[in-house]
Amino acid sequence: MATVTPLNGSPATDILSFPDSNPATKAIVLGVCAMDVKARSRAMQEILTRVVERGGPLVEVKVFGDKAILDEDVKSWPRCDVLISFFSKDKLVEFPLLKAVSYANLRKPLCINDLPMQCILWDRRIVGRMLDHLGVPTPRRVEASRDGGPRIPEGFREHVEGRLGFELPQNVPPAKVQLREDGNAIIVDGVVIEKPFVEKPVSGEDHDVYVYFRDGKGGRKLFRKVGNQSSELDPELIAPRTDKSYIYEEFIDVDNAEDIKVYTVGPGYTHAETRKSPVVDGVVRRNTEGKEIRFITRLTDEEKDYAAKICQGFGQKVCGFDLLRCGNGAKSLVIDVNGWSFVKGNESYYDKAADVLLDISKRLMASPLRALSISEQAKTPEAPSWKLKANVTVFRHADRTPKQKLKYNFPITEPWAQPFVRLLNGEREEIILREREQLETIAAAIEEAKSLGAIGEDLGKLSALNGALFKKIDLPGTKAQLKPGYKKDKSAGTRKLEKLVLVLKWGGEFTHAARYQSRDLGENMRRDISIMNKDCLNNVRIYTSSERRVTASAEIFAAALLTPSPAQQQQQQQQQQQQQQMSSGLGLNVPPSPGFGASQYTTGGPNVASPTTVSSQIKEQEKHRIIGSLTSIANAVVHSLPGSHTARHSTLSIDPKPKDKESPPPKRKLHELYSRAKALFDLVAPQEYGIEPWEKEEIGVLTSLPLLRKIIEDLETARNSGDCSLNLYFTKESHIHTLLNLVLASGLPIANPRIPELDYCVSAPVFLSLMSC
């Protein structure tokens, strides 16, 4: 069991009851067959944890995981009664939709989203034809096919066309596409679309959409968000592309320069948000948390009807689509339909989505087919499936203040350098001075060095060192390192002091933002592990390095990780209510006198104070601890304020104020500067821990070999033990870099061998999954 005391405080959530059920009723299994990046995302965690908490013992969630989905036969996939499964694709891996369809045909679960119908979302031509068939209005468009027309995976056409209600064209001849002589319109097989028009690739996975303007004014290229950019102006964008198949649509002048993202959870519930259209200027508006700014909007009854038609017609209970309003709200047009889509950061949406999934499970439990399904499953025992046995994760600490340092090499042959040599006090290895009294000895050595004849540049450096020392001496984290360097005399068999380096460091302290980062990190992991295998939370071990910013990150993370869920809190509250009468009666019977017979209740002996006295002492200690914590937080906030930067710059040879009245560079120049600085950082930073492979391995062994051995020991212990476990390590960036260098040097197959930027709270997880029945 973990040794960290959990915090309480989250609101309790009512557990939904299933009528006509009894404890012997077999739980409904809700399976999640999607890639881990989606199945274990924040939004999915929010929904699934609500399903588990509200469903109680009658609902069980099983996340299949990438290992089973990609490597195992569908017969080894976990069995479930309700299946959440949806297609996704990234640069490294693509969800095997055909494999998921085979599983659904084998086990016949109730699918939240129709699996074969998801393939039509890959082709915008089929999506447009389906919207027309459903009577959902879209912008006027024309197709320019050069690939023979819409394609459906082998074996899906009959099912898809049966759901669509019409046949899809085959062997479509290449379209005849030309730009009108004045350049202000495109003609496709005789159909004219005037500029401005929108050019979309037919592939639903291709988001390089172009908008062409009239009169040779170029166009705008839309793409998936990159940082704060979603499109860019191109004055040379005149002629349309001819390399593949495209759809050309009329450009819609939308109301308020906004488009609408609509999310459905079943035909009866919709959630809609407006956002700035990417066509405006391509700049993504974000809030203080870095999320795109959106505003909840109310749909009209007509728009809700469109949502219900799309949800039912495409067979996707959970999906999203893009909507445009024009003519001051007089007209609404649908321009795209997406697959499984989440609303991010909206508690009401998470609640409603969980309620809908629970309602589906409740209706399935009451269905006569449920008993038949259980009897069929009993005929063929379930094959062993993969289950999370252990999670070993290494975290970097949360946000910190900037770290600064002054470094000075002393010429030890000079008489004035001898006061600093004496600071070593005979030590042969590096020494660290942290306490104020210790740091003041450096100031005394500086004054003595000045009196012994330090002049010129040396005197100036000593004065700068002295000034920085007294400005930073009271800050938490200020320390000085004295690093002696010795040369070995082989003939005499002795070592002679050759150089002495003094490094003064300050900063690197825990910030106010770090508290929230650590808390959110702990809450996310608790939700994730609760879904993957909640038994791991019964055996948690957390280790930290000695730095204050690291231990503070671990403490707040642990409190969030071990906070009971709302359902557990409700149970605890009920237990507390039952114990109130006993505890209140006990309190009345505890006398305050020192003569109370404490030995009857403790093994501490007759000298132990009474419970009342001990309680008062604990309260006093807690009061001082809380005050100390608040003081530390306040200090961290003060030193993070912009006003503190003047002190930071005062130790550098850079003037923070501009020397002339030139206006700041344009945004483009700033973006270019950032991009180049980032590229340089990504190149240089990893080289700090070795340039050649042998150097990286050598530095990694010296720095992180003990950590790597402990990780391997944790995994071996978990493999040979019957218990599940969660082992977490908090450390600093350098140790994670060197640890990853060792992993890369091990020869293990790595999907992406490039080490990314190791930002605050970054993690390097290792999972141990075992086959279980």
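- At least one donor-acceptor pair under 3.5 Å links the side chain of Asn533 to the backbone N or O of Leu388.
- The backbone N or O of Gly508 sits less than 3.5 Å from a side-chain atom of Thr401, completing a donor-acceptor pair.
- The pair Glu713-Arg709 does not meet the salt-bridge criterion, since no charged nitrogen lies less than 4.0 angstrom from a carboxylate oxygen.
- Residues Gly55 and Leu358 come closest through the heavy atom pair CA-CD2, 3.8 Å.
- Side chain of Tyr689 to main chain of His735: no donor-acceptor pair is present (N/O by atom type, distance under 3.5 Å, no hydrogens or angles).
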**Report entry** Residue pair Asp520, Arg42: steps toward the salt bridge (charged side-chain N to carboxylate O under 4.0 Å, His left out) verdict
**Finding:** CA-CA 10 Å; Asp520 292 346; Arg42 172 71 179 270; 5.4 Å; no
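- In this view, Phe730 and Phe395, Phe557 satisfy the ring-ring contact (aromatic ring centres under 6.0 Å, His included) rule, not counting sequence neighbours.
- More than 12 heavy-atom neighbours from other residues, nucleotides or ligands sit within 6.0 angstrom of NZ on Lys696.
- Expressed to the nearest 0.5 Å, how far CG of Leu708 lies from CG of Leu740 amounts to 10.5 Å.
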Query raised in the report: How far apart are the C-alpha atoms of Asp723 and Ser725, what are their side-chain angles, what is the distance that settles it, and do they pass the side chain to side chain donor-acceptor pair (under 3.5 Å) test?
Result: CA-CA 6 Å; Asp723 298 328; Ser725 63; over 6 Å; no
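- Of the possible polar contacts, one joining the Asn539 side chain to the Cys724 backbone as a donor-acceptor pair under 3.5 Å is found.
- Side-chain atoms of Glu697 do not come within 3.5 Å of backbone N or O of Pro693 as any donor-acceptor pair.
- In terms of the side chain to side chain contact (heavy atoms under 4.5 Å, CB included) criterion, residue partners of Asn346 (sequence neighbours excluded) are, by chain and number, His271, Ile296, Val343, Ser348, Tyr349.
- For Glu429, the CD atom counts as loosely surrounded, since its 6.0 Å shell holds 12 or fewer non-hydrogen atoms of other residues, nucleotides or ligands.
- Surrounding NZ of Lys405 are at most 12 heavy atoms belonging to other residues, nucleotides or ligands under 6.0 Å away.
- Counted within 6.0 Å of NZ on Lys710, heavy atoms from surrounding residues, nucleotides or ligands total more than 12; the atom is thus considered enclosed.
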Query raised in the report: Does the side chain to side chain contact (heavy atoms under 4.5 Å, CB included) test come out yes or no for Tyr516 and Asp399, once each step is laid out?
Result: CA-CA 10 Å; Tyr516 293 94; Asp399 184 50; over 6 Å; no
Requested in this report: Please lay out, stage by stage, how Arg54 and Asp351 fare under the test side chain to side chain contact (heavy atoms under 4.5 Å, CB included).
Outcome: CA-CA 10 Å; Arg54 299 178 184 187; Asp351 290 336; 2.7 Å; yes
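- Scanning all heavy atoms of the two residues, the minimum distance from Ile442 to Ala480 falls at CD1-CB, 3.4 Å.
- Between Leu70 and Met35 the shortest side-chain heavy-atom distance falls below 4.5 Å.
- Atom OG1 of Thr511 sits about 11.5 Å away from atom CZ of Arg549, to the nearest 0.5 Å.
- Rounding to the nearest 0.5 angstrom, the gap separating the CZ atom in Arg527 from the CG atom in Asn524 is 5.0 Å.
- Lys505 places none of its side-chain heavy atoms less than 4.5 Å from the side chain of Lys403.
- Contact check for Leu423 versus Thr441: side-chain heavy atoms found under the 4.5 Å cut-off.
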**Report entry** Steps toward side chain to side chain contact (heavy atoms under 4.5 Å, CB included) verdict (Leu504, Leu469)
**Finding:** CA-CA 8 Å; Leu504 178 65; Leu469 178 63; 4.0 Å; yes
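- Qualifying salt bridge (charged side-chain N to carboxylate O under 4.0 Å, His left out) partners for Glu733, counting only residues two or more places apart in sequence or in other chains: Arg396.
- Between Arg40 and Asp66 there is no salt bridge, since no side-chain N of the basic residue sits under 4.0 Å from a carboxylate O of the acidic one.
- Minimum heavy-atom separation, Glu292 to Arg286: N-NH1, 3.8 Å.
- Smallest separation of non-hydrogen atoms from Glu695 and Ile691: OE1-N, 2.9 Å.
- Here the closest heavy-atom approach between residue Phe64 and residue Cys33 is recorded as CD2-CB, 3.6 Å.
- With contacts defined as side-chain heavy-atom distances shorter than 4.5 Å, the pair Glu547/Arg400 does not qualify.
- Side-chain N or O atoms of Thr478 include one that pairs as donor or acceptor with a backbone N or O of Lys472 at under 3.5 Å.
- Remark: the backbone N or O of Glu46 is paired with a side-chain donor or acceptor of Thr49 at under 3.5 angstrom.
- When atom types are taken as modelled, the side chain of Ser704 and the backbone of Thr738 share no donor-acceptor pair closer than 3.5 angstrom.
- At least one side-chain heavy atom of Leu742 sits less than 4.5 Å from a side-chain heavy atom of Val701.
- Residues Glu347 and Arg50 form a side-chain contact, since some pair of their non-hydrogen atoms from C-beta on lies under 4.5 Å apart.
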Report task. Decide yes or no on side chain to side chain contact (heavy atoms under 4.5 Å, CB included) for Leu561 and Leu728, but give the supporting numbers first. Result -> CA-CA 11 Å; Leu561 174 71; Leu728 310 172; 3.9 Å; yes
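- Between the side chain of Ser721 and the main chain of Ala718, no donor-acceptor pair closer than 3.5 Å is present.
- Counting heavy atoms from C-beta on, the side chains of Lys67 and Glu72 come closer than 4.5 Å.
- Taken from SG in Cys761 to CD in Gln517, the straight-line distance is 5.0 Å, to the nearest 0.5 Å.
- A distance of 13.5 Å separates NZ in Lys732 from NE2 in His737, rounded to the nearest 0.5 Å.
- Residues Tyr543 and Asp714 bring no donor and acceptor atom of their side chains to less than 3.5 Å of each other.
- Side chains of Met525 and Asn391 form a contact here, defined as non-hydrogen atoms less than 4.5 Å apart.
- Looking only at distances, no side-chain donor or acceptor of Arg428 sits under 3.5 Å from a matching main-chain atom of Pro484.
- Residue Ile473 holds its CD1 atom at 10.5 Å from CD of Glu435, rounded to the nearest 0.5 Å.
- Looking at every heavy atom in both residues, Ser545 comes nearest to Thr551 through O-CG2, 3.3 Å.
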